[in-house]
Chemist: 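I have a structure I would like to understand better, so I am pasting it below and will then ask my questions one at a time.
Just so it is clear, the values below take in all heavy atoms, side chains as well, and ignore hydrogens, waters and symmetry mates.
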There are 2 protein chains.
Amino acid sequence: MSTPPGRRRGPSKGDRRERAILETARTLLARKPLADITIDELAAGAEISRSSFYFYFDSKLSVLVALLHGMAGELGRDAGPWLDGAGPDTAALREALTPLARLWREHGRMLAGALAAAPGCPPLAQWRAELRSAHVDRLAARIARDRAAGLAPAGPAPRVLAGLIDDLRTAALAGSADPEALVDDLVTVELRMIYADFAEDHPAG
Amino acid sequence: MSTPPGRRRGPSKGDRRERAILETARTLLARKPLADITIDELAAGAEISRSSFYFYFDSKLSVLVALLHGMAGELGRDAGPWLDGAGPDTAALREALTPLARLWREHGRMLAGALAAAPGCPPLAQWRAELRSAHVDRLAARIARDRAAGLAPAGPAPRVLAGLIDDLRTAALAGSADPEALVDDLVTVELRMIYADFAEDHPAG
DNA sequence: TTACTTCTCGACAGTACGTCGAAAAACTCG
DNA sequence: CGAGTTTTTCGACGTACTGTCGAGAAGTAA
């Protein structure tokens, strides 16, 4: 359900069409959820007939999955320093969250739509699961390390806590109209979840 | 879009049908999302023809909305002691979360499905918004009180923090296969988000 | 019975999906 | 160039689901 059925290889005219479909989808998804987009629209955007669409993708879902896979890399990047570090490293966490928030600002509707459609749609569910566990695994390991080193207090099992943090992050970014404005607060809150008390500089509030 | 179009009042045979539709919907929603349920199934479950369905509801969405409204009360109940109290009251928070988790265990698929379908569907979006702000408003007020009383440290604006807590709670409960197992961890984490450091009894972890 | 409301359903029209097979366009190689 | 092959296109078709309309059956009350 996720691989183009007809085309094999060769960088040619059909490639431009495939791109056009993807591009059209990206544009439309910025305005409305997948369910409200018809194959007709996608085909029209790429200037081909509806049936021709099926030469490139076998459903509009496949288009979304392709789009998402093209973005999977970006979503995890910049998280390295934070995830591989130790202790309540405010700066590193902010460095991880800032680009992520930018991505959500740019593609929020698409990502939120994909997330919402994920249950009840295996390929999307799998994409989400992979993304999630890529984050949760590393974060859980970090939490365990910090606890062993006496840097973080005991609490929920590392995997559970990491899962909660991932949930929070995703839900917050997905729900916000201005994700970038949320970064500082997310930093504070994620650190509190892991370290409870830590040296923070409160803006007088 | 949310009121039965044909019927007015009178406790009669049609009432049983309406109940039957609702009941069928509840059952089916426990197994699959709204999008995968056809009006035919709903009608069949109530032993009427598809067109008769439209005498009672004007779309399957209306059925879901009706179901959800019938549940809105339960979702907020038991939160009073926690929301109206002060300070890191572990017990009160647990008393609020436990029945909520039970509700999510019983109707999780339905609630999660409704939440997922909310963006791009005004009546559901409004239901979700009302539910959310009912919680966020009171929680934000509580946080502000606690800060003023010196019980909680400064941090994100109360409304923002309350929003993050609501996001976390909802996402975590929606994503978990066993919500009730999550209660203790949610208690810990929500308290940390508000109070950072507070007296907690860590199970050796 | 009559008159009225409540309820039921078949028939129709609309929209979107996905498949098939014929054929046009593009490319390959002799 | 031109025959053979692969890539690409599309109209026609069948299916599934949605929502509406109007005729009429069933229930209720005088």
Chemist: Is it true that B:Glu41 and B:Lys32 make a salt bridge, defined as a side-chain N closer than 4.0 Å to a carboxylate O?
Modeler: yes
Chemist: Rounded to whole angstroms, how far apart are CG on A:Asp15 and C1' on C:dC27?
Modeler: 14 Å
Chemist: Starting from P on D:dT7, measure out to OH on A:Tyr56 and report it in whole angstrom.
Modeler: 12 Å
Chemist: For the pair made of CZ in A:Phe57 and P in C:dG18, what is the distance, rounded to whole Å?
Modeler: 14 Å
Chemist: If a protein heavy atom is under 4.0 Å from the base, mark B; if only from the sugar-phosphate, S; if neither, -; do that for nucleotides 15-25 of chain D going 5' to 3'.
Modeler: --SBBB-----
Chemist: Any Lys/Arg nitrogen of B:Asp36 or B:Arg31 sitting under 4.0 Å from an Asp/Glu carboxylate oxygen of the other?
Modeler: no
Chemist: With the threshold set at 4.0 Å, does a side-chain nitrogen-carboxylate oxygen contact exist between A:Asp184 and A:Arg94?
Modeler: yes
Chemist: Salt bridge between A:Asp84 and A:Arg138, side-chain N to carboxylate O under 4.0 Å?
Modeler: yes
Chemist: Given atom CZ of A:Phe55 and atom P of C:dC17, what is their separation to the nearest angstrom?
Modeler: 20 Å
Chemist: Should the pair B:Glu180-B:Arg102 be classified as a salt bridge under the 4.0 Å nitrogen-to-oxygen rule?
Modeler: no
Chemist: Salt bridge or not for B:Arg19 and B:Asp15, using N-O below 4.0 Å?
Modeler: no
